[in-house]
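To keep things clear, I will list the structure first and then write my remarks on it.
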Amino acid sequence: MLNFDLQTILVAFGLTLFAGLSTGIGSLIALLAKKTNTRFLSVVLGFSAGVMIYVSMIEIFAEAKLLLTASLGDPKGIWITVAGFFGGMFIIAVIDKLVPAVDNPHEMRMVEAMSAKTAEDEQNNRLGIAPPLSKRARRHHGADAMRHKGKLMRLGIFTAVAITIHNFPEGMATFIASLNNHSLGITIAIAIAIHNIPEGIAVSVPVFYATGDRKKAFRWSLLSGLSEPVGAIVAFLVLMPILNDVIFGIIYASVAGIMVFISLDEILPTAREYGEPHLSIYGMAGGMAVMALSLLLFR
């Protein structure tokens, strides 16, 4: 068992909390912005993916290999490192399959597109130019509006549930990585925080246009991100008593696999969808370059 002082544990938990609460930043952007800056978001998401891929393959995987080969020898340590890496990919892939499949929980909603119909209806009501309807037609119209809002609300809730489930292992990964290496934990936390911003938008926009309540939309978005610090608490309670170099190495290898899978399966496709195709790749290359430079300068 490895022993960590209270300050180390609190810093690791704080980084995990920061990463989780960034869904609230996404919610604020969605609720306050008039228009989604897709080009900027594409570059930033690509940057996040570049950071996560580079640090996973160059730093975290290498750290896992070092710990496991030192404890178990070569080639056993290398085999377990590779198994842990692909095991992490398998775990996150299974979680993605099990989450509610109402909609893609990582697809960023366009603020202006989601609000267009609501704005049009409000404008028509103010100007008094709504088309004349019979009583029966008005009832149907009202029922359709209620169904539409109900669908939006369900979409927001299911998206929040999906993101909550998905963020849980991310919280565990951030916490465990931060325990052994604060600088690495900061890098992972920032990359995951950037990744969580569009998730916050995905939750808050449908909830807001279903309820008209900005506070409720913000709360749902924020709560979906709190599963990351919950994951950190579970990691502390369950894993800390048994944590040693072998367990640490396996977790590190799994974290590397999880982060690479998230980057390739979620972040990069989202970045490419909401910007020009090359922007996400430029952002990814920039993220890798910044990560490489920081690792060289702060060793």
Side-chain angles (χ1 to χ4, degrees), residues 12 15-26 29 36-65 85 88-89 92-93 96 104-108 163 166-167 169-171 173-178 180-202 225 228 252-299:
L15 289 172
T16 308
L17 182 63
F18 159 74
L21 292 182
S22 63
T23 55
I25 298 173
I29 291 173
T36 307
N37 189 338
T38 54
R39 289 170 60 87
F40 174 75
L41 192 61
S42 180
V43 173
V44 170
L45 285 173
F47 184 92
S48 173
V51 168
M52 291 174 73
I53 292 171
Y54 190 90
V55 76
S56 295
M57 300 301 295
I58 303 300
E59 189 76 3
I60 302 178
F61 187 90
E63 183 74 16
K65 180 182 172 184
F85 178 82
M89 284 190 164
I92 202 68
D96 273 352
N104 179 3
H106 300 95
E107 179 179 318
M108 193 198 71
I163 290 172
H166 186 275
N167 282 354
E170 287 183 7
T174 305
F175 178 77
I176 294 297
S178 302
N180 200 39
N181 189 327
H182 281 343
S183 61
L184 185 60
I186 291 170
T187 300
I188 294 173
I190 292 173
I192 290 179
I194 294 171
H195 157 59
N196 283 350
I197 288 174
E199 292 183 352
I201 296 173
E228 295 211 7
Y252 258 43
S254 301
V255 167
I258 288 171
M259 290 177 63
V260 169
F261 187 93
I262 289 171
S263 299
L264 298 178
D265 183 59
E266 299 165 8
I267 304 179
L268 280 177
T270 302
R272 289 178 67 86
E273 182 177 352
Y274 290 99
E276 296 171 13
H278 290 301
L279 287 178
S280 60
I281 303 303
Y282 297 152
M284 183 186 73
M288 288 183 170
V290 169
M291 191 67 252
L293 186 61
S294 67
L295 290 175
L296 289 171
L297 291 176
F298 299 107
R299 282 193 176 278

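Note: hydrogens, waters and symmetry copies are ignored here, and every other heavy atom, side chains too, is used.
- I53 places a side-chain heavy atom less than 4.5 Å from the side chain of L264.
- For the atom pair CE of M259 and CD1 of I92, the computed distance is 11.5 Å after rounding to the nearest 0.5 Å.
- With a 4.5 Å cut-off on side-chain heavy atoms, I192 and E228 count as touching.
- Partners of S178 under the side chain to side chain contact (heavy atoms under 4.5 Å, CB included) rule, at least two apart in sequence or in another chain, are A12, L15, T174.
- Taking the side chain as every heavy atom from C-beta outward, I60 and I188 approach each other to under 4.5 Å.
- The two residues F261 and A93 come nearest to each other via the heavy atoms CZ-CB, 3.7 Å.
- Atoms CE and CG, from M89 and D265 in turn, are 10.0 Å apart once rounded to the nearest 0.5 Å.
- In this structure, the ring-ring contact (aromatic ring centres under 6.0 Å, His included) partners of F85, at least two apart in sequence or on a different chain, are F61.
- The two residues P269 and S263 come nearest to each other via the heavy atoms CD-O, 4.1 Å.
- Of the inter-residue distances, the one linking N196 atom CG with F18 atom CZ reads 9.5 Å to the nearest 0.5 angstrom.
- For the side-chain contact (heavy atoms from CB on, under 4.5 Å) with M284, the qualifying choice from L268, V43, L279, V51 is L268, the only one to do so.
- Rounding to the nearest 0.5 Å gives a distance of 8.5 Å between CD1 of I58 and CE of M288.
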